[in-house]
Protein chains: 2
Amino acid sequence: MVYHHPKLLVAVDCVIFGYEDGELKLLLRPREIEPALGKWSLMGGFVGLEESVEDAAMRVLYSTTGLKDIYLEQVAAFSAVDRDPGARVVSIAFVALIRIDQHDKALVRENGAHWWPLNQLPELIFDHEKIINDGLRSLQKRASFELTGKELLPEKFTLMQLRSLYEVIYQRPFDPGNFRKKVLSLNVLERLNIKNTTESKKGAFYYRFKESEDNSNGDRIFKIN
Amino acid sequence: MVYHHPKLLVAVDCVIFGYEDGELKLLLRPREIEPALGKWSLMGGFVGLEESVEDAAMRVLYSTTGLKDIYLEQVAAFSAVDRDPGARVVSIAFVALIRIDQHDKALVRENGAHWWPLNQLPELIFDHEKIINDGLRSLQKRASFELTGKELLPEKFTLMQLRSLYEVIYQRPFDPGNFRKKVLSLNVLERLNIKNTTESKKGAFYYRFKESEDNSNGDRIFKIN
DNA sequence: TCAAAAGTGTTGAAGCTACACCCATGC
DNA sequence: GCATGGGTGTAGCTTCAACACTTTTGA
């Protein structure tokens with residue numbers, strides 16, 4: 001049986017965050033069709049008949065970065081009637097977190113895509129700037145409940161690197177000593193017996209996320225603001 | 001210009017919460033068409049070509065409760081390919097909060113709709129039980145950041161009534177003294193010079209929400225669990 | 001008089017903030 | 001030696017949970 005109602009184009013748009021050179025970056029690509037040809041756009045695609053929106057987002061991520069099993073989280077549906085002047089499109093936005101060093105650089109280049117620092121974004125099409133803002137707030141919320149870094153940092157990292165990541169996610173400084181104590185008290189990291197000596201004279205121990213640790217107990221770990 | 005991609009039915013489903021007789025209740029209606037005829041369903045409808053999903057949710061709420069300007073919040077998109085056996089439908093779920101005593105009872109009756117206590121729900125169609133669970137978690141989250149009651153309680157209410165509301169939202173008891181102190185410290189309620197004497201011998205002051213108070217500063221006010 | 005809710009006070013534990021302070025080392 | 005980040009400690013403050021206690025009044 002078929003319901004008699006209008007059908008709409010349904011898209012997914014992925015706010016793909018990566019972390020490199022102490023900055024949060026976003027993977028964007030120049031739009032290749034009218035309208036808004038040449039402006040920059042989130043990585044997106046249309047949802048097919050035989051896939052969920054999550055499947056579609058995974059497909060988009062795989063086809064643009066070559067990565068599977070990416071952290072993915074729904075943000076919201078964006079559906080203003082005129083948000084896309086070319087057609088009526090309802091878009092489901094996702095946040096994706098990836099390690100920049102792991103993605104398929106050739107594939108990204110082939111797509112004309114480019115990593116843009118979060119605070120030096122180019123002109124974006126449609127409502128993508130708003131989507132990005134909501135995506136960042138979503139990331140901040142996640143980072144405030146669950147220690148976030150596994151998906152963005154290298155396998156092993158120093159506490160200073162983790163703190164730097166939090167500083168760019170929250171756009172504010174953290175007290176080094178207090179950050180260290182708080183993070184270690186969560187009991188989700190394990191210290192390795194290797195030191196990083198490139199970023200400080202003394203050398204700092206590497207840490208990594210423990211396997212299969214829940215990492216989230218419902219409490220805030222950092223306050224936003 | 002038109003994009004050449006499949007189009008899908010897009011629906012909205014509203015998890016409509018009300019509070020009555022010390023219980024959280026949900027407005028549901030029996031489904032009138034196959035498949036799943038006779039099972040109970042969230043209040044929903046299809047999104048038209050000339051409306052956003054928020055518009056569509058508003059429209060559904062107005063046509064089933066007679067109310068406008070309702071608190072409405074997106075929960076998520078549900079889009080499993082086979083979630084509706086009758087057709088491919090992507091549904092955007094919303095949470096709505098209303099005062100049960102204010103809605104249009106005749107209209108609700110006319111729709112065959114019925115208020116069901118949250119913990120005695122009937123058998124539901126499709127994935128609506130999951131949608132309700134996610135909706136409740138969404139309500140809990142909101143109530144943990146922002147004192148919630150304006151949309152569910154009568155204009156004036158006692159602190160005991162507010163506490164009872166929180167107890168059913170969180171499904172756990174709150175210490176009366178501590179709850180009182182915490183809530184009053186938020187500075188979003190104003191005490192009226194009237195007492196309610198029907199629920200206690202001594203009589204308790206009525207309170208109401210202050211006008212245009214932000215009511216949310218980013219901090220948790222209650223921990224979930 | 002007694003039960004039940006209203007409303008206030010207290011106390012100890014826990015967490016957070018803002019620091020001070022020493023350590024190790026490359027320059 | 002000195003600047004830099006690594007790492008630990010601490011004093012003062014706020015918050016919170018648990019619970020005692022007093023007030024008021026209808027049954």
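Reminder, nothing fancy here: chain letters follow the sequence lines and each chain counts from 1. In this text, all values refer to a predicted model and were calculated from it rather than measured experimentally.
Applying the 6.0 Å contact sphere to OH of B:Y71 captures more than 12 heavy atoms from other residues, nucleotides or ligands. Surrounding CD of B:E167 are more than 12 heavy atoms belonging to other residues, nucleotides or ligands, all under 6.0 Å away. Counting heavy atoms of neighbouring residues, nucleotides and ligands inside a 6.0 Å radius, atom CZ of B:F174 exceeds 12 of them.
At a threshold of 4.0 Å, the pair A:K210-A:E190 does not count as salt-bridged, since none of the basic side-chain nitrogens sits closer than that to a carboxylate oxygen.
Note on residues 54-68 of chain A: pairs passing salt bridge (charged side-chain N to carboxylate O under 4.0 Å, His left out), not counting sequence neighbours, are A:E51-A:R59.
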Exercise. When every nucleotide of nucleotides 18-27 of chain D is labelled 5' to 3' by its protein contacts under 4.0 Å (heavy atoms), B for base, S for sugar-phosphate only, - for none, what sequence of letters results?
Worked result: BB---BBBB-
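Judged by the 6.0 Å and 45° rule, A:R220 forms a cation-pi pair with A:F145. Taking the ring axis of A:Y166 as reference, the NZ or CZ atom of A:K182 does not stay both within 45° of it and closer than 6.0 Å to the ring centre.
For the side-chain contact (heavy atoms from CB on, under 4.5 Å) criterion with B:C14, the lone passing option out of B:I92, B:L42, B:L61, B:I131 is B:L61.
Taking atom CZ of B:F174 as the reference point, atom C1' of D:dC16 lies 13 Å away to the nearest angstrom. When the P atom of D:dG7 is taken as reference, atom CD of A:Q161 falls 12 Å away, rounded to whole Å. Rounded to whole angstrom, the span from the CZ atom of A:F205 across to the C1' atom of D:dT8 amounts to 14 Å. Per the geometry, CG belonging to B:L186 stands 15 Å off C1' belonging to D:dT14, to the nearest Å.
On the nucleic acid side, DNA chain C contacts chain A at distances under 4.0 Å to non-hydrogen atoms, with the end points of that region at C:dC16 to C:dG26.
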